[in-house]
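What follows is a single structure, written as structure tokens, with notes after it.
Everything numeric here is computed off the predicted structure, so don't read it as measured data.
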Amino acid sequence: MPIHPPQQHQQRSAPAPGRSPGVRQAEAALVEHYPRLVRLAYVVLPPALGRHRRVLAAHGAVQRALPGVGAPAPAPASRVPAQSRRSPREEAPAEAVEAGVAKGPVSAPYAWMRLRVLRTALAYERRPRWWPGRLPAPAALRPTLPVVWGLRLFPRAGGADELALDRALSGVPAAVRAACALQLLEGLTESVARALLAEAGADDPAGAVRRAAGLGTPDRAGAQVLLGSAEFDPCSVQTRPSDLLRRRHRIRAVALVAALCVVAGAAVVADGRGVQGAVDEGAGVSVPALDPAALVRTAAERWADTSRIDFTAWPVRGDRRGDDALLGRALRAWAEPTEAVRVSATPGTVDVPPAQPPQLLFAGEVDGAAVVLFHDRGVRVVRYAEPSAGGDGAALDFARTDDADVTTAAAVVVSRTGGTARFLLAPWISTTTTRDLLAPGTPDRPLEVAPDGVTAPVERPATGGACDSWPVLRLRSSARIVENHAFLLTDLGDLAPAHLTYTPKPGGGAPARQPREATGQEALGAWARTACSLRALSGSGVRAVNNWAFAEQRLPEGGEQAEWLCTRADTWRGPGRVLVQFLQPAGSPTTPAAVVADRNDTALCSRFGQHILAGTHWKAASGRWYVLAAGSRAVDRIEATGQVRSTAEGPTLAVRAPRDAAVRLTAGLHDGGTLAAVR
């Protein structure tokens, strides 16, 4: 939901240096650069406010920056150089301009407004502990407009790299966030940023600038792009309802007190209002969102005539898609589940009622249950199931599916019974087979699909006991969408199966290899050795898992080849998990790899974490122990220190060492950087 700036007025000429601009000049600068100022305030404000309050506080800080609107005028003199007279070194970098952030030299009114916004944003971190309670707060900290009731506002979610940057910013003081924003968003040099922070009253401006240099990605241009993304844009937000249960209880309590005051002992009994009256209006759910007649139904051939191939292109299917009674029960259970309804949600998925009529994907009988699938407009998929024979035992499942594509929106689990699952396939799937990842040499097996898109039962990977098979779906998309390729999906316990990919061994030239579908023999061979490690990801909301063969190494005492894999799982909510696995030669193609490192919430082995170093202890056939290490393609030197000291030129190292020797591994990169081993 875009938040628009106030009405625009004509901008006058800039004031003379050293003087505050007039109200109209300041307002013109605010209107012209409103999104830029609000983004700056949002980055500087304390993340502890929460995304909703932070969005409103950012807009409030900018709108209150006008002279005479809730904030005292700054001192006339300014130690910060006027931005209209910046030297060529202080121009906004080209990378920032391309990212839509910094816009080059700015006028004196804008620089003056920026200083006021910066002061207000920095003051939030110094607010009294009781703020925003009932006692009056200082003027600069007093909550003012805009105010939003009944809705929660938050910027659109980014990926794992945006989340990592946001977490890094959350762990530093406001002055450091401000220094980072002034350099990356505003394109200021360190000296100008330091002077501006001092003028705004920041603590230790020089130290803040130094600490800001270590935030974000190693690549400055990459950090600028991340900070200029939708994750940090409070002018383009999404909306969700607030705490519906609490609001309903409060409204009911107020209504009850009012009724008792007006008519003592009166009772009102509502009857047969149908679906539209099934949920109290005080719950904050719009009545059309709970009306089966208002459900969005996509045309059958829409998927073949759109460039957006995701759940929005799915047509409605199932033999009960016209059963308003079933659809009404499903919508009521979604809006206000009773104790008899089992509710589950994958991590990072909200289970609040819909804010608008959802899209109907499926309604039909599957394995003795009436199943309804909804798509909540690009955010999540919701599954409702009730026993066909009647009685209790309904279930409501939520799964996050934002930014799904031709592969991650290709299937949804519609039913699980025992050790099997049925999937509802996307309309663009032309061929469906299954295969076992632990049998890489066997052919695919055909899988029957009903006319309504529901598959025959498919064996599920075992979550316990022996790992002797790993069934996966092998789907091929239709040539009608020019995406005629096969890909693998696996059931990890969520509604949406995970997409499996593979990045081959490093080549001799540039650029680096990119992930591809895990359908070739080399990819299937790697997955045969690592599939069982997917058990650790069950039920964690995984979107895709990639096996990256980042290094090969010739082993001591015989010269056999070993392989190093980085298995990265990306979740729908952003964070990723990495397992580094060592594949030594084995007699069986399905011998499990050895996991040598396990990291959560990391950018390693993604496009924003392309350098990696790992090591392990290894026992040769002779009984002697070694320390082995390998790095990705940019590593040109590895050094071992500690109980064993050794150096190797190139991306691999092997050195004799006791079995339990404590060794520290570091690597040098082609560009002069250094890298520590992942643990």
Exercise for the section: Would you check if the side chain of Arg317 reaches a backbone N or O of Ala300 as a donor-acceptor pair within less than 3.5 Å? Expected result: no

Exercise for the section: Check whether any side-chain heavy atom of Arg422 sits under 4.5 Å from a side-chain heavy atom of Thr420, and report yes or no. Expected result: no

Exercise for the section: Could you tell me which non-hydrogen atom of Cys566 sits nearest to which non-hydrogen atom of Val578, and how far apart they are? Expected result: SG-CG1, 3.4 Å

Handout entry: Closest non-hydrogen atom pair between Gly364 and Asp319, with its separation
Key = CA-OD1, 3.1 Å

Exercise for the section: Kindly say whether Thr501 contributes a backbone atom to a donor-acceptor pair with the side chain of Trp527 at under 3.5 angstrom? Expected result: yes

Problem - Side-chain donor or acceptor of Thr349 paired with backbone N/O of Ala399 under 3.5 Å - result: no

Problem - Arg516/Glu522 ion pair, N-O < 4.0 Å - result: no

Exercise for the section: Would you give the length of the straight line joining atom CD1 of Ile638 to atom OG1 of Thr652, rounded to the nearest 0.5 angstrom? Expected result: 6.0 Å

Exercise for the section: Keeping the roles fixed (side chain from Arg535, backbone from Gly464), state whether a donor-acceptor pair exists under 3.5 Å. Expected result: yes

Handout entry: Flag if over 12 foreign heavy atoms under 6.0 Å of CD, Glu365
Key = yes

Exercise for the section: Show your working on side chain to side chain contact (heavy atoms under 4.5 Å, CB included) between Glu386 and Leu326 and close with a plain yes or no. Expected result: CA-CA 9 Å; Glu386 64 179 27; Leu326 171 62; 3.5 Å; yes

Exercise for the section: Flag the pair Asp351 / Leu396 as yes when at least one side-chain heavy-atom distance between them is below 4.5 Å, and no otherwise. Expected result: no

Problem - Reported OG-to-CG distance for the pair Ser533 and Asp598, which is rounded to 0.5 angstrom - result: 10.0 Å

Handout entry: 4.5 Å side-chain heavy-atom contact, Phe423 and Thr432
Key = no

Problem - Under 3.5 Å: donor-acceptor pair, side chain of Arg383, backbone of Val371 - result: no

Handout entry: Side chain proximity check, Pro358 to Val382, heavy atoms < 4.5 angstrom
Key = no

Practice task
Identify, with sequence neighbours excluded, every residue that meets side-chain contact (heavy atoms from CB on, under 4.5 Å) alongside Glu557.
Solution key: Ala620, Ser622, Arg624, Tyr626

Handout entry: For the student: nearest non-hydrogen atoms of Gly418 and Arg460, plus distance
Key = O-NH1, 3.3 Å

Handout entry: Residues Asp444 and Arg435 bridged, charged N to O under 4.0 Å
Key = yes

Handout entry: Polar side chain donor-acceptor pair, Asp494 to Thr346, under 3.5 angstrom
Key = no

Exercise for the section: Using a 4.5 Å cut-off on heavy atoms from C-beta on, say whether the side chain of Leu331 contacts that of Pro292. Expected result: yes

Handout entry: Evaluation steps, side chain to side chain contact (heavy atoms under 4.5 Å, CB included), between Thr530 and Leu579
Key = CA-CA 10 Å; Thr530 57; Leu579 298 176; over 6 Å; no

Exercise for the section: Please examine the side chains of Thr571 and Arg543, heavy atoms only from C-beta on, and report whether any two atoms are closer than 4.5 Å. Expected result: no

Practice task
Can you measure from CG (Asp310) to OG1 (Thr407) and round to the nearest 0.5 angstrom?
Solution key: 11.5 Å

Exercise for the section: Taking Ser632 for its side chain and Ile612 for its backbone only, find out whether a donor-acceptor pair lies under 3.5 Å. Expected result: yes

Exercise for the section: Could you give me the CA-CA distance, side-chain angles and deciding distance for Leu495 and Thr401, then say whether side chain to side chain contact (heavy atoms under 4.5 Å, CB included) is met? Expected result: CA-CA 10 Å; Leu495 282 182; Thr401 56; over 6 Å; no

Exercise for the section: Run the salt-bridge test on Asp491 and Arg416 with the 4.0 Å N-O cut-off and return the result as yes or no. Expected result: yes

Handout entry: Flag, side chain of Arg302 to backbone of Ala299, donor-acceptor distance under 3.5 Å
Key = no

Problem - Any donor-acceptor N/O pair, Arg380 side chain to Val350 backbone, under 3.5 Å - result: yes

Practice task
Would you check if Phe398 and Phe374 make a side-chain contact, meaning some heavy-atom pair closer than 4.5 Å?
Solution key: no

Fill in the blank from the handout: Output for pair (Leu489 CG, Arg474 CZ), nearest 0.5 Å, gives 12.0 Å

Handout entry: From Thr616 atom OG1 to Leu628 atom CG, the distance as rounded to the nearest 0.5 Å
Key = 7.0 Å

Handout entry: Steps toward side chain to side chain contact (heavy atoms under 4.5 Å, CB included) verdict (Val635, Leu669)
Key = CA-CA 5 Å; Val635 171; Leu669 304 177; 3.8 Å; yes

Problem - Minimum heavy-atom distance between Leu565 and Ala549, given as atom pair plus value - result: CD2-CA, 3.3 Å

Problem - Exercise: identify the closest heavy-atom pair between Ala614 and Val580 - result: CB-CG1, 3.6 Å

Practice task
For the pair Thr602 (side chain) and Arg599 (backbone), establish whether a donor and an acceptor sit closer than 3.5 Å, ignoring hydrogens and angles.
Solution key: no

Handout entry: Candidate list Asp403, Asp402, Asp397, test salt bridge (Lys or Arg N to Asp or Glu O under 4.0 Å), partner Arg400, passing option
Key = Asp402

Exercise for the section: Verify the distance criterion only: is there a donor paired with an acceptor across the side chains of Asn546 and Thr503 at less than 3.5 Å? Expected result: yes

Handout entry: Within 6.0 angstrom of Arg297 CZ, more than 12 heavy atoms from elsewhere
Key = yes

Handout entry: Heavy-atom donor-acceptor pair, Arg332 side chain to Leu290 backbone, under 3.5 Å
Key = no

Practice task
Describe, in one word, how the ring planes of Trp564 and Phe582 are oriented to each other, choosing from parallel (under 30°), tilted (30 to 60°) and perpendicular (over 60°).
Solution key: tilted

Handout entry: ring pair (Phe, Tyr, Trp, His ring centres under 6.0 Å): pairs with one or both residues in residues 455-486, sequence neighbours excluded
Key = His485-Phe487

Handout entry: From CG (Leu438) to SG (Cys467), nearest 0.5 Å
Key = 5.0 Å

Practice task
Using only heavy-atom distances, determine whether the side chains of Gln359 and Thr298 contain a donor-acceptor pair under 3.5 Å.
Solution key: yes

Fill in the blank from the handout: For Ala335 and Pro337 the tightest heavy-atom approach is C-CD, 3.9 Å

Handout entry: Val627 side chain reached by His617 side chain, heavy atoms, under 4.5 Å
Key = yes

